[in-house]
Amino acid sequence: MTLPPPRQPLRCENADCALPSGGRCARVQAFSDPLAECPSLARLQPGEIANVAPTQAQPVPGADAASDVAEPAPWLGEALSPGEVDELLHRSHPIVLAVLGPPDAGKTCLITAFFLQLANGQRADFPYRFASSRSLYGFYGLAVRANRWMGGSDEAIVDRTPKTGDECRFLHLGVRPLDDRDDRHIDVLISDMPGEWVSEWVTHQDETNRRRLAFFDRADGVMVIADASQVASNRRYSAEIARLLQRVIDRVCGASAGRKRRLCLVFSKLDRITVPVPTGSEWLKSSWGPVGGAITDRIWAQVNRARDKGLTVDVCGVSAFGRTMAAGQPTGVMAPFTRLVTAADARVTLALEPLPIAANATPFETMRIWRV
Amino acid sequence: MRQRSVCVLGGPDSGKSTYLGALASAVQAELPGLFRMDTLAEDTRALERLEGPLLDGCYPQRTQSAEAPVLRMNLEGRSPLPVERIALSIGDYAGETIERLFRDRTRGWTDEWQARAEVDGLLLFIRPPAVMPLPRLEDATGGSALGGGGAAVRLFGEGLRAQEAPRSPKARSDEPVRMPTELALIELLQFLRFVRGLSPGERPATNEWRIGVMISAWDDVSDDWRQRGPQAYLEEVFPLLEDYLWSNFRPDAVQRFGLSSTGGDLNQPGGGERYISGELKGFITWSGLDGRLERRDDIALPLAWSLYGEQAFRESPQP
């Protein structure tokens, strides 16, 4: 849809937008040409004539003269660009989490709620502390958007992940283990991709879809998100989730059979099913009570299949935004991240076994008393 | 004369200018403390702009975006601190520029901002939110949060406080999710560390860079928070910032201060007169190594700590 030209001077209803002051559109990720595409800008009514050339933004009176200099900050702060991801992969060995699910499954909401829990000091069992992020502005944008949600079920909580470019975008978090003796800084890359891409990847494996999920074989943990209320009421949706699980399991078991990777099936929006949200991560259908019964056997069959193939599978229930941020806390959002990150970060502790010392051992032999 | 520089960082209305004005007044009046004014700097415009309104019992005007005043003072350390002459420069700026820098990444990261990475010390200003919920009464361990965080190690007397990860009390299910308001400040710290060549998670040596977190308007927080101290306040109200500081700086390179630059609200009826008469006085509180809360009237103490570290606390005159 072609929008009318924007009014001059520029005015935007989005409080975070810097476009009117000569800066950047707050939704630059969604619109390649915000002046032509962004609906938040105030625009001319039919018949009105613009007073100023549409490409000129009026400077803010009293603006800092120094800030008019085009000196870009060290990084953009939103989702990492492909170049930034490459740099990170070369600099450290990040933990890569693949977060997959069909459209509106709740992927971005889950990531947003996870960040907000960390920011509120609600780590629960997550054994790490926040250390850095190259995506701080991206998380801020998600949090601001979620904070504006008024609670309507038809209202979007966060903006849909844009389908720009042809590569998956990642949000970055740096963490440090809680244990003071562990001095590491661990990079975590969390994929945030449009649900449409995931659905297309499940349906047909062409060159485009393979490229979009090229990171999958590198992922250390995989989260499959399914809208619990849809699974319980929509058989076609359930079948789609089952197929997604099957595709994931085949890839995990096929391409990198030697690597121990963990799978987490996350039932989101559990608040829409009127039962208490289970707080465990049991994979047994029976332990999920009425919720387990509402979820089709096809999905449980895939969970069992994954376990039969030696994959460790967790099943978690979450409610990322069961109510507005002002009304209460999310439920269970830390669990999937705790499971996957700790599993990816697990290190083998070598067991030391003392060697017996012979009675006539030489001094040298008595020194070497341990065996790995 | 030794050149030292300290940078103040903080968002709008976080109390930076008020502190600088009160500091300038205190050292010029040679109030009991760790510093006194040596000679007058060549450029005193910033000093007059910041100090002037306080002499009339009013707050300094908000620093405008177009301004970037640098407060220059020639100080002399007082015994038992090193009796050295220090040419101190502290850059002030409009708090809005931090927010603008956070949102608009394509401009504004000027040489002036990058130069702030090379300072000897940083003072981060945070103003408590206008409406501040009381401390939670239950914590993850089931104990009372009012007892204070971090049990002292009692092997030999009071001992030193154990370095434990803070346990933020578990939120009730109906408790609101707070919007983190310290993201712009954390991002700016990340930028400054990047300019200094520090990797994420790399902790510089303590004497290279000290960070003082100044929780301003401390006279206005509730009694509960005043009893628990600024460290507990930061852990619970700004956990992301606290985590970031823990992850990226050595424990003794970060100090949390409760600051009241003027001892009370000058905008309240009679507040200005009480400040001029000396009835209202600025003060600083902080938690010592043993976990006990300390208080001093010398508001230059955070500045001294950022330059000299723990020695400033040991040598600070007792009230």
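Just so it is clear, the structure is predicted and the values come from calculations on it, not from any experiment. Sequence lines set the chain letters: A, B, ... in the order given, protein chains first and strands last, and positions in each chain run from 1.
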- Task: Name the region of A/Pro177, side chain, backbone, both or neither, that has any atom closer than 4.5 Å to a heavy atom of chain B.
- Result: backbone
- For the residue pair A/Ser132 and A/His185, confirm or rule out a side-chain donor-acceptor distance under 3.5 Å. yes
- Give, as side chain, backbone, both or neither, the part of A/Phe115 having an atom under 4.5 angstrom from any heavy atom of chain B. side chain
- Task: Go through A/Met325, A/Arg184, A/Arg176 and name the one with the most non-hydrogen pairs under 4.5 angstrom from chain B.
- Result: A/Arg176
- Message: With no hydrogens and no angle check, just 3.5 Å: does a side-chain donor-acceptor pair link A/Asp192 and A/Thr108?
- Response: yes
- Task: May I ask you to name which of A/Ala146, A/Gly322, A/Ala73, A/Gly77 has the most heavy-atom pairs under 4.5 Å with chain B?
- Result: A/Ala73
- Item | A/Asp187 portion near chain B, given a 4.5 angstrom heavy-atom threshold | neither
- Task: Measure distances from A/Ala327 to the heavy atoms of chain B and classify the residue's part below 4.5 Å as side chain, backbone, both or neither.
- Result: backbone
- Proximal component of A/Arg323, with respect to chain B [non-hydrogen, under 4.5 Å]: side chain
- Task: Give a yes or no on whether the backbone of A/Glu84 and the side-chain of A/Ser81 come within a donor-acceptor separation of less than 3.5 Å.
- Result: yes
- Task: State, to 0.1 Å, how close B/Pro239 and A/Ala119 come at their nearest heavy-atom pair, and which atoms those are.
- Result: CG-O, 3.1 Å
- Note on the structure: Taking every heavy atom of A/Leu80 against every heavy atom of A/His172, the minimum-distance pair comes out as CD1-CB, 3.8 Å
- Item | Contacting moiety of B/Phe194, where chain A heavy atoms sit under 4.5 Å | side chain
- Message: Is B/Arg193 close to chain A through its backbone or its side chain, or both, or neither, when contacts mean heavy atoms under 4.5 Å?
- Response: neither
- Message: Can you tell me how far apart OG (A/Ser135) and CZ (A/Phe170) are? Round to the nearest 0.5 Å.
- Response: 11.0 Å
- Return yes if some donor-acceptor pair links the side-chain N/O of B/Ser247 with the main-chain N/O of A/Phe130 below 3.5 Å, else return no. yes
